[in-house]
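Step one of this worksheet: look at the structure below.
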Amino acid sequence: MAEEKIELEIVTPAKLLFSGAADMVVVPGGEGDFGMLPGHAPMLSTVRAGTIDIYDGDKVTAQVFVEGGFAEVTDERCTVLVEKAMMVADIDKAAAEKRLTDAKAAQGADKDHVDGLDGPEVTAAEAMVSAAD
């Protein structure tokens with residue numbers, strides 16, 4: 001009997017970033033991280049900026065940084081549709097830190113700033129810096 005895996009696809013508007021099988025996948029959902037194993041109950045979830053962990057056995061074998069989107073889960077597949085994504089290994093830490101500095105500066109420079117209006121850029125930049133660590 002073949003070992004059960006969950007099929008994972010991570011898709012951006014520009015390309016299919018990842019397609020493969022995993023023993024477990026952990027996604028940064030809008031309400032908190034959630035993990036999927038083969039046989040998971042069907043669900044839809046928003047995805048917040050963060051890192052998708054892809055497991056082979058009990059080890060993380062790949063990590064993908066994503067910036068917001070949606071995830072559809074079935075008993076044998078997880079499809080994650082996101083605005084932006086990149087392999088964590090490809091993140092330039094200095095560029096991520098500059099992005100965070102710039103986002104915070106832009107937020108602070110707006111005298112008529114409305115709380116939350118530019119928060120998503122700061123949040124995404126913070127998640128990217130965290131992923132790069």
Side-chain angles (χ1 to χ4, degrees):
M1 182 171 155
E3 194 176 318
E4 285 191 56
K5 301 258 186 187
I6 188 160
E7 293 295 323
L8 172 65
E9 287 189 339
I10 301 172
V11 184
T12 72
K15 65 181 177 178
L16 173 64
L17 181 70
F18 182 92
S19 180
D23 289 317
M24 182 172 76
V25 178
V26 178
V27 174
E31 299 289 324
D33 293 357
F34 61 91
M36 289 153 290
L37 297 166
H40 195 286
M43 67 179 261
L44 292 172
S45 176
T46 55
V47 174
R48 71 181 193 287
T51 302
I52 295 176
D53 293 328
I54 304 163
Y55 286 80
D56 186 18
D58 62 351
K59 300 208 183 321
V60 175
T61 56
Q63 292 184 299
V64 179
F65 172 75
V66 296
E67 288 188 37
F70 298 92
E72 177 190 30
V73 179
T74 67
D75 61 344
E76 58 191 33
R77 172 176 301 280
C78 175
T79 304
V80 183
L81 306 172
V82 292
E83 288 293 318
K84 297 178 185 173
M86 66 185 335
M87 301 304 292
V88 168
D90 295 336
I91 294 174
D92 178 337
K93 186 169 181 178
E97 289 172 343
K98 182 178 182 333
R99 177 182 178 187
L100 179 57
T101 301
D102 292 348
K104 286 183 176 180
Q107 190 176 46
D110 184 359
K111 301 288 187 228
D112 299 319
H113 173 73
V114 177
D115 286 340
L117 199 58
D118 48 5
E121 176 61 17
V122 173
T123 301
E126 288 173 340
M128 184 178 256
V129 169
S130 178
D133 283 337

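Being a predicted model, the structure only gives us computed values, none of them experimental.
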Those residues that, when tested against Asp58, pass side-chain hydrogen bond (donor to acceptor under 3.5 Å, both in side chains) (two or more places apart)
none
Using the side-chain contact (heavy atoms from CB on, under 4.5 Å) criterion, which residues pair with Leu44? Sequence neighbours excluded.
Glu72
Are the side chain of Thr61 and the backbone N or O of Ile54 linked by a donor-acceptor pair below 3.5 Å?
yes
Test side-chain hydrogen bond (donor to acceptor under 3.5 Å, both in side chains) applied to Asp102 - qualifying residues, sequence neighbours left out:
Lys98
Taking only residues two or more places apart in sequence, or in another chain, which ones meet Glu76 in a side-chain hydrogen bond (donor to acceptor under 3.5 Å, both in side chains)?
none
Apply side-chain contact (heavy atoms from CB on, under 4.5 Å) to Leu81 and list each qualifying residue two or more places apart in sequence or on a separate chain.
Val11, Thr79
Partners meeting side-chain contact (heavy atoms from CB on, under 4.5 Å) with Ser19 (sequence neighbours left out):
Glu9, Leu16
Shared-cluster residues of Met128, by chain and number - hydrophobic side chains joined below 4.5 Å
Phe65, Met86, Val88, Ile91
Those residues at least two apart in sequence (or on a different chain) that pass side-chain contact (heavy atoms from CB on, under 4.5 Å) with Met36 are Ile6, Val25, Val27, Phe34, His40, Val73, Cys78
Do Phe18 and Val80 pass the side-chain contact (heavy atoms from CB on, under 4.5 Å) test, and can you show the C-alpha distance, the side-chain angles, and the key distance before you say yes or no?
CA-CA 10 Å; Phe18 182 92; Val80 183; over 6 Å; no
Quick one: salt bridge (Lys or Arg N to Asp or Glu O under 4.0 Å) partners of Arg48, sequence neighbours excluded?
Asp33
If hydrophobic clusters are built by linking Ile, Leu, Val, Met, Phe, Trp and Tyr wherever their side-chain heavy atoms come under 4.5 Å apart, do Val26 and Leu37 end up in the same one?
yes
Return the set of residues passing side-chain hydrogen bond (donor to acceptor under 3.5 Å, both in side chains) with Glu67 (not counting sequence neighbours), or none when no residue passes.
Arg99
Quick one: does Thr101's side chain have a donor or acceptor within less than 3.5 Å of a partner on Glu97's backbone?
yes
Applying salt bridge (Lys or Arg N to Asp or Glu O under 4.0 Å), which residue pairs with at least one partner in residues 12-29 are found, sequence neighbours left out?
Lys5-Asp23
Same apolar cluster (I L V M F W Y, side chains within < 4.5 Å links), Leu8/Met24
no
Residue pairs, two or more places apart or on separate chains, that pass salt bridge (Lys or Arg N to Asp or Glu O under 4.0 Å) and touch residues 81-91:
none
